[in-house]
Participant: 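Below are the structure tokens for one structure; questions will follow.
Keep in mind it's a predicted model, so treat the numbers as computed, not measured. Residue numbering restarts at 1 for every chain, and letters A, B, ... go by the order of the sequence lines. What's counted below: heavy atoms across the whole structure, side chains too, no hydrogens, waters or symmetry copies.
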Amino acid sequence: AQSVTQLGSHVSVSEGALVLLRCNYSSSVPPYLFWYVQYPNQGLQLLLKYTSAATLVKGINGFEAEFKKSETSFHLTKPSAHMSDAAEYFCAVRPSGGSYIPTFGRGTSLIVHP
Amino acid sequence: ETGVTQTPRHLVMGMTNKKSLKCEQHLGHNAMYWYKQSAKKPLELMFVYNFKEQTENNSVPSRFSPECPNSSHLFLHLHTLQPEDSALYLCASSQDLAGGPNEQYFGPGTRLTVT
């Protein structure tokens with residue numbers, strides 16, 4: 001079975017500051033990992049995905065995430081926050097192989113202050 | 001239309017009404033999902049269809065009835081709902097449930113209010 005833990009239900013940063021959203025996972029087999037973003041009253045949009053090709057994954061809107069197997073982590077970062085980054089962010093894990101459904105974290109709300 | 005579309009975007013219904021939510025994907029995918037998203041709760045998987053066959057029913061009450069007539073369309077039929085069923089209902093699709101990352105593509109959701 002797999003699980004995802006997102007540390008911090010809310011993260012608050014100033015515009016221009018570093019964004020760091022944490023995600024730790026557990027999986028019995030090598031995982032696929034995803035970050036999604038959800039803006040108010042919208043569905044989830046894929047930001048980036050890890051598929052074992054490279055440990056540092058670049059996504060849309062300047063976000064990137066690094067897969068660290070030893071720490072079972074897949075934290076999301078962005079060097080400089082914009083007001084438009086304010087949204088809910090979800091980490092998800094899906095074990096490689098087999099017919100598995102992804103498991104989502106509870107989400108982290110990113111608040112960006114002017 | 002591109003991606004995943006959902007209609008209606010907003011729905012208000014009484015507890016004795018019958019209504020349906022519609023989802024359509026234009027991505028050539030074979031797996032489709034219904035999720036419920038309530039305030040302050042994690043995303044809840046409700047149903048999964050793969051090649052039109054239901055593969056997951058996550059202990060969803062029978063007042064929710066899914067239908068998948070083909071790989072592009074997914075419906076959620078609603079009847080005698082309760083106020084606690086008020087939520088954002090999200091539809092998603094992915095290539096299938098087999099190997100590969102199979103990332104999901106989500107629709108914009110239907111905001112359901114049960115009065």
Participant: Let me know if A:L44 has heavy atoms under 4.5 Å from chain B in its side chain, its backbone, both or neither.
Facilitator: both
Participant: If you measure only the distance, is there a donor-acceptor pair under 3.5 Å linking the side chains of A:Q6 and A:T108?
Facilitator: yes
Participant: Using distance alone, with no hydrogens and no angle criterion, decide if B:H77 and B:S65 have a side-chain donor and acceptor under 3.5 Å apart.
Facilitator: no
Participant: Between A:Q2 and A:T103, do the side chains contain a donor N or O and an acceptor N or O under 3.5 Å apart?
Facilitator: yes
Participant: For residues B:N70 and B:H73, is any side-chain donor paired with an opposing acceptor at under 3.5 Å?
Facilitator: yes
Participant: Per the ring pair (Phe, Tyr, Trp, His ring centres under 6.0 Å) rule, which among A:F63, A:Y39, A:F74 passes with A:Y89?
Facilitator: A:F63
Participant: For chain B, which of A:P102, A:G107, A:A92 has the most heavy-atom pairs under 4.5 Å?
Facilitator: A:P102
Participant: Can you say whether A:Q38 sits under 4.5 Å from chain B via the side chain, the backbone, both, or neither, judging by heavy atoms?
Facilitator: side chain
Participant: For B:Q37, is it the side chain, the backbone, both or neither that has a heavy atom under 4.5 Å from a heavy atom of chain A?
Facilitator: side chain
Participant: Answer with side chain, backbone, both or neither: which region of A:Y50 has an atom nearer than 4.5 Å to a non-hydrogen atom of chain B?
Facilitator: neither
